[in-house]
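These notes concern the structure reproduced below.
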Amino acid sequence: MKSFRIGGIHPKENKFSAGAAIQQADIPATVAIPLAHYIGNPSEAIVKRGDTVKVGQQIGAGSGFISANVHASVSGKVRKIDVQLDATGYRRPAVFIEVEGDEWLETIDRTPDIVRGCSLGKEEIIQKIQDAGIVGLGGATFPAHVKLMPPPGKKAEYLIINGVECEPYLTCDHRLMMEHGEEILIGTTILMKALGVDKAIVGIENNKPDAIEHLTRLATTFLGITIQPLKVQYPQGGEKQLIDAVLRRQVPSGKIPIEIGAVVFNVATTFAVYEAVQKNKPMIDRVMTITGKDAPNASNYRVRLGTYLSHVVEQAGGIPEGTGKIVGGGPMMGRSLMNLDVPMAKGSAGVLFMRDEESIRKPSQNCIRCAKCVSVCPMGLEPYLLMAYCERNMWDELESNRTMDCIECGSCNYTCPSHRPLLDYIRFGKSTVGNIIRNRNNK
Amino acid sequence: MEKLIISPAPHIHGGDSVRKNMYGVLIALIPALLASFYFFGIGALIVTLTSVVACVLFEYLIQRFILKGNITIFDGSAVLTGVLLAFNLPSNLPIWMVVIGALVAIGIAKMSFGGLGNNPFNPALIGRVFLLISFPVAMTTWPVVEPLSMKYLDAETGATALAAMKEGSAITVSHLDMFLGKMGGSLGEVSAIALLIGLAYMLIRKIITWHIPVSILLTVAVFSGIMHAINPEMYISPVTHLLTGGLMLGAIFMATDYVTSPMTPKGMWIYGVGIGILTVVIRTWGAYPEGVSFAILIMNGFTPLINFYIKPRRFGAKQLKNNK
Amino acid sequence: MSLVWISLITLGVIGSVSAIILYVVAKKFHVEEDHRIDLVEEVLPAANCGGCGYPGCRNFADACVKADNLCDLHCPVGGNETMAKVAEILGLVAVEKAPMVAVVRCNGTCEHRPRNNEYDGVKHCFIAHNLYSGETNCSWGCLGFGDCELACDFDAIHVNPITKIPEVIDDKCTACGACVRACPKDLIELRKMGPKGRRVYVDCRNQDRGHIVSKACEVGCIGCAKCQKVCKHDAITIENNLAFIHDDKCKLCRDCVIVCPTNSIIDVNFPRPKQPKVAVEEEVSQ
């Protein structure tokens, strides 16, 4: 069974909602659609206060190369364009819309029929994806159209579809593969066309045998798509790890996957591409998992962007008793939230409730140099050493020990028997060293 | 909970802890303890118990009254040092010497550097070597095997196989007896099979990796095998090398000490090969019949250097074979 | 007897050879250095704090010796006194600089600014700041984990355990700027010490709009511009919903302190409050 070759851990999966079909979340009374993205420049609002918008209408335009369009996820009146507290506790611009009815743009095909053929050319597909404001839904929210335009001189050979979902608890991608398998494969063919490649591989961890079987059966009718079952190991969903697992090629340090001829898309992104190209539906909703050990009904919901998380959670049965921490995303890389009055963004893959007793970290002890962090690091780094350098502000040493390669997967923290906050320090070291490098390059 | 807790990712932990690892090693040492009780009788228990109690007590006193910091005697590291120290001592060693060994091990080799995780040398070995140099006679008169005896200080003594080799006389113990542990020696080192059971347990529990024990044992076997092939009259066989003295104990439990061994597989190989070569060199040409302790301590000294130069295999550092 | 001779001769030879090597090396690698650098270094405080912008006192001394005038060079720790001595040694003119002091511009104590979440990571400001905005609704204010305290070489700034806000001890502060650089929220500013340590400043850095600020903190600056209007010396500017008092123009009249509706303008080291109204309020509360 294939897997990536360096490091890795196997946390308890706890995928409670794997069997729960995707439900449609209610449309809230108001939404706050964020204009800022996790990565790249914030979009500029192109509507103003008092405008009436329909579902799917563009409300924000991407500014700059790495930026994405934003569309209204509901129909109604723009109440204001203001700042909204996001998951990090800072205020970012957002468009507030008061919902009136559910009126969609006429161009959007809302029928459940699957549209199979696609006669568009390469440029037209990319243009459509860019117009629809599609970003990578795996977490980093990198604009999809940028990935489809390799820098000059680079040529993609393989398209890899990421159906790994290695984060514990989360099941939204799993459900999407089960319920929209064919659409995902059509989306894959569209992406293959846009990239000009004839080979695509869908990587799925073998803790989802039903999804592997389902897609393998469907893939027989699609030319050039193979389904690759993978051994369960975290962080296989990391772009570089997945390429290593599937193609046995490692992306060189500081380079992007196109360097070795691979482009990776998440299954949810692929599904969004299908909807955008075949159904003219821009990026206005996504599937997210509401889960937790005590969650009353752990399930997967299709939620409109900009919906406050509190609204979705309420529909899923509210915050369970004895919750000490709420995580936006998975437990390994997600962000803990201060409250649920945060609007759903394109990258929000789930809400996880953690019990009181799981929420607080154990006190950290001396490093006993057991080397477990070194053996689990999927990038082959030495987390204990990087943390020591960060504590002593030794930025040059940090850089030469390749801090910038860290993918922040958290395997080191997870495994440390002394409960040392390795990643806390490394993340800080990364941002400092990143600034130093940027300043140096700007000179 | 009134306020939600915010902390950086990851939000879950694997549940591993220092205590679990330390007690795991202690469990792995139980077969060897039972074996030594069987072969040397009550003396083995007295020495082990004294050493453990003394180590824990010294750690407590130092943390309580000198460092005035957290008391960490329950993490199992002091107990482990105590057991390992005792395993390196003859079973008829007087109690007061054991206590001195414990004081050196905990006080000088461990706490003076800042406690667990900061000591550059293996504390138990420092204690052992201190005793060996200070009380050479008491430390090298090992009791002969007398199953389940009730004698402690008055046990009969005899020479070990390695000492016999040093003096040039013939080795009388059969290889099977060596493997089972029916021979003179320090109380924990004699039974190879009991130590190997411990190794298997630690490997299954993933407390240690295989690199260090395998590299040490392999190096000793190969190096002494070559010597033996050149001149079987002068150099003892590799099997005898592997089964006698503290080699098994050293390779499995002393050299694999987390704090004082290198961090990367490649570094562990260098470390293990170094220990193997030094062991055979000291045993064959050195003044002492036994060289494992010194070999491990010398390589402990090289560990920071190995860690500095030997880096783990970086992701994407080298284009791998099937990369085009 | 021969043993003694051999020892003596060996040691003697080793000693002489070493001495010759040392002499040759010292001659060959001798670096000509301006002796005034030593003299200047002598009068510097030897704190090596980096407050002057140079890595250490010797580097600063070197810079002073090489410089044509002392306009851009100032030792904040030694102050004018030290700079006068430096100028005397070098035969230059010292430029008088007003003594400065570090000022923490956040008054978001536990009482004024309720905590709405609990941070459970490494207790360092820079790490918490890297993660999120902080334990309160104010994303600009002090995190309270004391990075400034760690950065201070002079034991001059301490986080008050009750208010969780750092407090500067004026007498110890040398205005070296270490805490200014350490604060990830950019809250600490070097201001003029003022006559008898009297100074007036805006104790807030929040640039959000008023209604957001007032929800997060009782004493935050809401950018209402009342202080700007009342100021007779044109010393107050409002930028990004935040007032700032320029200490070079401020005449310490304290009119702004009275008009500020949220008490976010602070006056320190004044003998008594200017406004009797405050006193009346105090009596009432008593």
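The chains referred to below are lettered A, B, ... by the order of the sequence lines, with proteins before strands, and numbering in each begins at 1.
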query: Within a reach of under 6.0 Å around CZ of A:Arg361, are more than 12 heavy atoms found that belong to other residues, nucleotides or ligands?
result: yes
message: Does B:Phe302, at its CZ atom, have more than 12 non-hydrogen atoms belonging to other residues, nucleotides or ligands within less than 6.0 Å?
response: no
Distance-only donor-acceptor check, side chains A:Tyr169 and A:Asn14, under 3.5 Å: yes
query: CZ of B:Phe308: more than 12 outside heavy atoms within 6.0 angstrom?
result: no
query: Just checking, is any N or O donor in the side chain of A:Thr171 or A:Glu165 under 3.5 Å from an acceptor N or O on the other one?
result: no
task: Count the heavy atoms of every other residue, nucleotide or ligand shown that sit under 6.0 Å from CZ of B:Phe130, and state whether that count exceeds 12.
output: no
query: Do the side chain of B:Asp257 and the main chain of B:Asn122 share a donor and acceptor less than 3.5 angstrom apart?
result: no
query: Where does A:Cys367 contact chain B at under 4.5 Å (heavy atoms): side chain, backbone, both or neither?
result: backbone
statement: Looking only at A:Ile9, A:Asn339, A:Leu385, A:Leu337, the option with the highest number of non-hydrogen pairs under 4.5 Å against chain B is A:Leu337
query: For A:Glu357, does the CD atom have more than 12 heavy-atom neighbours from other residues, nucleotides or ligands under 6.0 Å away?
result: yes
query: If you tally heavy-atom pairs under 4.5 Å against chain B, which of A:Glu358, A:Glu321, A:Gln241, A:Lys240 wins?
result: A:Lys240
message: For B:Asn119, which atoms come within 4.5 Å of any heavy atom of chain A: side chain, backbone, both, or neither?
response: backbone
message: At a 4.5 Å cut-off on heavy atoms, which part of A:Met333 comes close to chain B: side chain, backbone, both, or neither?
response: backbone
Part of residues 420-431 of chain A lying next to chain B, heavy-atom separation under 4.5 Å: A:Leu423, A:Asp424, A:Arg427
task: Pick one of side chain, backbone, both or neither for B:Asn118, based on which atoms fall under 4.5 Å of a heavy atom in chain A.
output: both
- request: Indicate yes or no: at least one non-hydrogen side-chain atom of B:Arg205 is less than 4.5 angstrom from one of B:Asn21.
  value: no
query: Highest number of heavy-atom pairs under 4.5 Å with chain B: which of A:Gly7, A:Cys416, A:Gly380?
result: A:Gly380
message: Does any backbone or side-chain atom of A:Tyr384 lie under 4.5 Å from a heavy atom of chain B? Answer side chain, backbone, both or neither.
response: side chain
query: With respect to chain B, which residue among A:Cys412, A:Pro11, A:Ser418, A:Gly334 yields the maximal number of heavy-atom pairs within a distance under 4.5 Å?
result: A:Gly334
Segment of B:Ile208 engaging chain A (4.5 angstrom heavy-atom cut-off): neither
message: For the NZ atom on B:Lys266, are there more than 12 heavy atoms of other groups (residues, nucleotides or ligands in this structure) within a distance under 6.0 Å?
response: no
Contact origin within B:Lys20 toward chain A - heavy atom pairs under 4.5 Å: neither
query: Side chain, backbone, both or neither: which part of A:Lys12 has an atom under 4.5 Å from a heavy atom of chain B?
result: neither
- request: Without swapping roles, check the side chain of A:Lys155 against the backbone of A:Gly261 for a donor-acceptor pair under 3.5 Å.
  value: no
Under 3.5 Å side-chain donor-acceptor pair for B:Ser77 and B:Lys110: yes
